[in-house]
Amino acid sequence: MIQAIDLAKVYGDKTAVDGVTFTVEPGRVTGFLGPNGAGKSTTMRMIMGLDAPTRGTVTVNGAPYAKHKAPLREIGALLEAKAVHPGRTAFSHLSALAATHGIPANRVHEVIEMTGLGAVAKKKVKGFSLGMGQRLGIAAALLGDPQVVVLDEPVNGLDPEGVVWVRNLVKYLASTGRTVFLSSHLMSEMAQTADHLIVIGRGKILADAPIQDVIESQGKARARVRTDRPEDLSRLLARSGVTIQAPEHEVLEVSGLDSRSIAQIALDNRVLVYELTPLQASLEEAYMQLTKDEVEYRSDEGAASGHPGGAHAAEPAPAEAQEVSR
Ligand SMILES: Nc1ncnc2c1ncn2[C@@H]1O[C@H](COP(=O)(O)OP(=O)(O)OP(=O)(O)O)[C@@H](O)[C@H]1O
């Protein structure tokens, strides 16, 4: 278990982490999400004792990282830009780590096999691809067979097979009762991997809840509608807060109105609807909604487009549009 209480880190006049309190529970995968610069890496570094908190505390299984006698057996981490001597082989790197932490040599072979590095274990790390480097970092994190695993962007640079491997690995670790805490910018991957989410923005916690709750609390009602009069129905449904897309012929995807309201408006106006399917909001949509005011750097995604097939935030419908004749 990882427990942070009022944890803060200030660099000069920059508050990177602003008094966060959270618990990462064992037995499930907890995802750590936030825009660039939100404070994820800083939080992870404080968990690992690599940065001292300006205020507050963070403990791993009840004690700060530095207080553990055998920290690698307690918590393993893959943090960004982990330094490995380029002239070493994967095997010698892991062996040196094992030797300095009192970990038996046969565990080195185990983690090499687990992470699929068998074929390259005797090769120098300087020739490793980004994906192989990530696997080596994960092997190092698992070396002490720790109860707590912290992975910062573990799928960065991995090919699709590697991404699935990480997903299965972290799920397996959680299923054995371990605490797994991982960050990623890949929402679809996070949606398939995490059970619970902690979302951070500008150093503050924005959400700390089961993933389904995060999606449901933020996602707007959405539905797919098939109708032979998509343009008329678009006009009838248009109002503030409603977004309508026309992805294919006679299909509308409506966001911001529930299925019942859509059905009622169609009925009142005698517009034929031959399919009405509620759609689940995606984690990506929920995340964008949750963090929309918290982003340090965001590209201007361009104004709404009203052309067919494009998204547009519908303006309030003019009164006469409510009475479309057949
Ligand atoms: N050593 C440092 N000195 C000064 N500022 C720092 C330092 N480390 C981080 N920061 C600042 O603290 C804030 C949080 O950074 P952090 O790297 O923790 O964010 P992050 O959520 O991990 O971002 P990303 O998703 O881009 O990796 C940023 O504004 C960053 O510029």
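Reckoned from all heavy atoms, side chains included, excluding hydrogens, waters and symmetry mates. Numbering of ligands and ligand atoms starts at 1, following listing order.
Counting the atoms of ligand 1 from 1 in the order shown, those under 4.0 Å from a heavy atom of Ala38 are 19 (O), 20 (P), 21 (O). Atoms of ligand 1 lying under 4.0 Å from any heavy atom of Asn36, numbered from 1 in the order shown and given with element: 23 (O), 24 (P), 25 (O), 26 (O). Per-residue contacts place Arg45 under 4.0 angstrom from the following atoms of ligand 1 (heavy atoms of the residue considered): 8 (N). The contact set between ligand 1 and Ala16, taken as ligand atoms under 4.0 Å from a residue heavy atom, comprises 12 (O), 13 (C), 14 (C). Near Ser41, with a cut-off below 4.0 Å to any heavy atom, the atoms of ligand 1 are 17 (O), 18 (O), 20 (P), 22 (O), 27 (O). Residue-ligand proximity, Pro35 to ligand 1, at heavy-atom distances under 4.0 Å covers atoms 21 (O). Under a 4.0 Å criterion applied to the non-hydrogen atoms of Lys40, ligand 1 contributes the atoms 18 (O), 19 (O), 20 (P), 21 (O), 22 (O), 23 (O), 24 (P), 25 (O).
Assignment of Glu153 to the shell around ligand 1 is not supported, since no heavy atom sits closer than 4.0 Å. In this structure, Gly39 counts as a contact residue of ligand 1, since one of its heavy atoms falls inside 4.0 Å of the ligand. Ligand 1 is never approached by Gly12 to a heavy-atom distance shorter than 4.0 Å.
Here Ser183 has no heavy atoms under 4.0 Å from ligand 1, in either its backbone or its side chain. Residue contacts with ligand 1 for His185 involve side-chain atoms from C-beta outward but no N, CA, C or O (heavy atoms, distance under 4.0 Å). Residue Met44 does not touch ligand 1, judged by heavy-atom distances below 4.0 Å. Contact annotation for Lys14 and ligand 1: only side-chain heavy atoms (C-beta onward) come within less than 4.0 Å of the ligand.
Counting only N and O atoms by type, the side chains of Glu275 and Thr277 include a donor and acceptor under 3.5 Å apart. For Gln212 and Glu216, the side-chain atoms include at least one donor-acceptor pair closer than 3.5 Å.
Looking only at side-chain heavy atoms (C-beta outward), Val148 and Phe181 stay at 4.5 Å or farther from each other.
Salt-bridge check for Arg28 with Asp195: failed, with every basic side-chain N at 4.0 Å or more from each acidic carboxylate O. Look at Lys40 and Glu153 and you find no salt bridge, because none of the NZ, NE, NH1 or NH2 atoms lies under 4.0 Å from a carboxylate O. Using a cut-off of 4.0 Å between Lys/Arg side-chain N and Asp/Glu carboxylate O, Asp145 and Arg178 are scored as salt-bridged. For Asp6 and Arg55, the salt-bridge test passes: some basic side-chain N is under 4.0 Å from an acidic carboxylate O.
A single hydrophobic cluster is seen to contain both Ile262 and Val273, as judged by linkage of ILVMFWY side chains at heavy-atom distances under 4.5 Å, directly or through other members.
Around OH of Tyr11, the count of heavy atoms belonging to other residues, nucleotides or ligands within 6.0 Å exceeds 12.
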